[in-house]
Amino acid sequence: MPAPISAGTPSGVHPAAAGGSYRSALSLLASLFFMWGFITVINGTLLPHLRSVFNLSYTQTTLIESVWFIAYFFASIPSAKLIERVGYQRSMVIGLAMMAVGALIMVPAARLPSYEVTLFALFVIASGITLLQVAANPYVAVVGTPETASSRLNLVQAFNSAGATLAPLFGGYLILGRTTSGTAAAGAAALTPAERLADAQSVVLPYLIVAAVLAVLAVVIARFPLPAMGAATQRSAKADRQGQSLWKHRNLVFGIPAIFIYLIAEIGVGNLFINFVSQPNIGNLTHQQASDYLFLLWGGMMVGRLVGAFVMQKVEAGRVLAVASIGAAVVMLIAAFTSGHVAMWALISVGLFHSIMFPTIFTLGIRGLGPLTEEGSGLLIMAIAGGSLVVVQGWLADTYGLQTSFLLTAACELYVLFYAVWGSRVTEALPDPVVH
């Protein structure tokens, strides 16, 4: 793991200098949140496209997203070690470069076309995003007072949601809108081999655009004077950690599965949304039309995070999380047991309730960890691998029906409620390490 960072002013920076330098740094980091939100949610339009191109079952389709999130499990610890070796700024540049390379690998994957090469390309992109997550989330969480950490991270995560909101429009126009499968009516006949080949190659232009933007952003980050974090106090922080255990902190111990389980819910909704609302008994839409409604789902997350950032300056974060989890469970039950536009709008509205969950669980999870903050952050980022279990929902959809599979999402919301009410309570709080 990289050197621990304070829950107050980041290590190696004099407190008096933190204000102005970190405001400009956070403004730039918001672009990273935007890009990884954008690229992650492109999968929401890519998956129904690949399902048609490769004639996949729901299980095989969600396996694509599982590979994406398995990268979080395998790449989190190496990412933390890389940050310790080369620093935050170089690691961010490397992460962006990895994402650009992965986007370029999508070009031969589309031209072949190859399901296996597509999986590899997405794994590379996700590994780059993991490196950015390990660096940026704790960075934002510790800039400022611990009391407003949830508010601050929700605010920056709103840029993540902004990217996620625009991605369905981008993917709907450049991928689904230019394919036979994307513009076909629900229940249309299977594609011919020639149509499949033509549809597969529709992803070439979008991913070339993404690779170019990532390369430009990598250059900007490399040249920007980001304040150094961690180097000045690494030796003293190691001394502070002596005799301390992460596993004595209830909020972290229950926070790790809370992130893991929440990701199953969020990714399951996002990935199966287009297939769900396209069904004749729900929205009866083409995939391209459904992508416009996916825009509303992620737009709700952006609005929710902006509202949450304001509300949590006045209301304790755990209470806000509890209300959000109850609301999410209710609308998921409506989506699972009703039909038509009622079910469709219930699924859309879950974005509003999901909005504050990840950043709030994250900041509650590292509260009171003191010199163990960064190790705890790394474990919470690793828990994002929970999104890989979306394949379980794919199996449920194949076995019991797509609509019934959303009962799994409702069950996930109940664990988040447990965490908000009891699991997030701080035990054995440690003082922040001294900043030199």
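Annotation for Phe73: atom CZ does not count as buried by contact number, only 12 or fewer foreign heavy atoms lying within 6.0 Å. The 12-atom threshold is not exceeded at CZ of Phe120, counting heavy atoms of other residues, nucleotides or ligands nearer than 6.0 Å. Environment of CZ in Phe34: crowded, with over 12 heavy atoms of neighbouring residues, nucleotides or ligands closer than 6.0 Å.
Applying the side-chain hydrogen bond (donor to acceptor under 3.5 Å, both in side chains) test to Tyr262 and every residue at least two apart in sequence or in another chain returns Glu266. Listed by chain and number, the residues in a side chain to side chain contact (heavy atoms under 4.5 Å, CB included) with Val107 are Arg111, Val204, Leu208 (sequence neighbours excluded). Contacts of Leu389 classified as side chain to side chain contact (heavy atoms under 4.5 Å, CB included), with partners at least two apart in sequence or in another chain: Phe260, Ile264, Val392. Every residue two or more places apart in sequence or in another chain that forms a side chain to side chain contact (heavy atoms under 4.5 Å, CB included) with Ile384 is listed here: Phe69, Tyr72, Gln133, Ile259, Leu263, Phe358, Ile381. In this structure, the side chain to side chain contact (heavy atoms under 4.5 Å, CB included) partners of Phe276, at least two apart in sequence or on a different chain, are Gln279, Ile282, Ala343, Leu347, Leu402, Gln403, Phe406.
How far CD1 of Ile366 is from CD1 of Ile361: 13.0 Å, rounded to the nearest 0.5 Å. In this structure, CD1 in Ile221 is found 7.0 Å from CE in Met92, a value given to the nearest 0.5 Å. From Leu63, atom CG reaches atom OG of Ser57 across 9.0 Å, with rounding to the nearest 0.5 Å. To the nearest 0.5 angstrom, Tyr419 atom OH is 10.5 Å from Arg250 atom CZ. Rounded to the nearest 0.5 Å, atoms OG (Ser66) and CD1 (Ile267) are 10.5 Å apart. One distance of note links CG of Leu214 with CE of Met99; it measures 4.5 Å at 0.5 Å rounding.
A heavy-atom distance below 4.5 Å is found between the side chains of His249 and Leu372. Between Ser355 and Val303, the closest side-chain pair of non-hydrogen atoms is not below 4.5 Å. Side-chain contact between Met35 and Leu132: absent, with no pair of heavy atoms (C-beta onward) separated by less than 4.5 Å. Under the 4.5 Å side-chain criterion, counting only non-hydrogen atoms from C-beta, Tyr115 is in contact with Gln60. Within the 4.5 Å cutoff, no side-chain heavy atoms of Val350 are placed close to those of Thr409. Here the side chains of Met106 and Val210 are not in contact, with every heavy-atom distance at 4.5 Å or above. Side-chain atoms of Phe54 and Thr61, non-hydrogen and from C-beta on, never get closer than 4.5 Å to each other. Counting only heavy atoms from C-beta outward, the side chains of Glu413 and Leu417 never approach each other to under 4.5 Å.
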Inset, instruction - Would you sort out whether Thr165 and Met301 count as a side-chain contact (heavy atoms from CB on, under 4.5 Å), showing the intermediate values? - result: CA-CA 8 Å; Thr165 301; Met301 291 192 73; over 6 Å; no

Inset, instruction - Might you work through the side-chain contact (heavy atoms from CB on, under 4.5 Å) test for Ile39 and Trp68, ending with a clear yes or no? - result: CA-CA 11 Å; Ile39 293 173; Trp68 178 276; 3.8 Å; yes

Legend entry - Arg90 vs Arg85, side-chain contact (heavy atoms from CB on, under 4.5 Å): CA-CA, chis, key distance, verdict: CA-CA 10 Å; Arg90 289 181 180 176; Arg85 180 175 293 273; over 6 Å; no

Legend entry - Test side-chain contact (heavy atoms from CB on, under 4.5 Å) applied to Val331 and Leu352, step by step: CA-CA 11 Å; Val331 297; Leu352 186 64; over 6 Å; no

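Checked against the 6.0 Å centroid criterion, the rings of Phe33 and Trp36 qualify as a close aromatic pair. Ring to ring, Phe38 and Phe170 are close: their centroids are under 6.0 angstrom apart. You'll find the ring centres of Phe418 and Phe254 inside the 6.0 Å limit.
Applying the side chain to side chain donor-acceptor pair (under 3.5 Å) rule to pairs touching residues 201-222 yields nothing, sequence neighbours excluded.
Closest approach of Lys248 to Thr427, counting heavy atoms only: O-OG1, 3.0 Å. When all heavy atoms are compared, the tightest approach of Ala110 to Val203 is CB-CG2, 3.4 Å. Across Ala322 and Val421, no two heavy atoms sit closer than the pair CB-CG2, 4.4 Å. When all heavy atoms of Ala385 and Ser388 are compared, the closest pair comes out as O-OG, 2.6 Å. The minimum heavy-atom distance between Ile105 and Val117, with the atom names listed, is CG2-CG1, 4.0 Å. Residues Ile348 and Leu297 share a closest heavy-atom pair of O-CD1, 3.3 Å.
Asn251 places no side-chain N or O within 3.5 Å of a backbone atom of Val426 that could act as its donor or acceptor partner. A donor-acceptor pair under 3.5 Å is absent between the side-chain atoms of Thr40 and the main chain of Gly37, judged by distance alone. Side chain of Thr360 to backbone of Met357: no donor-acceptor contact under 3.5 angstrom is found. Looking only at distances, a side-chain donor or acceptor of Thr62 sits under 3.5 Å from a matching main-chain atom of Thr59. With hydrogens and angles ignored, the 3.5 Å screen pairs a side-chain donor or acceptor of Gln89 with a backbone N or O of Phe224. In terms of modelled atom types and a separation under 3.5 Å, the side chain of Ser31 and the main chain of Leu28 share a donor-acceptor contact.
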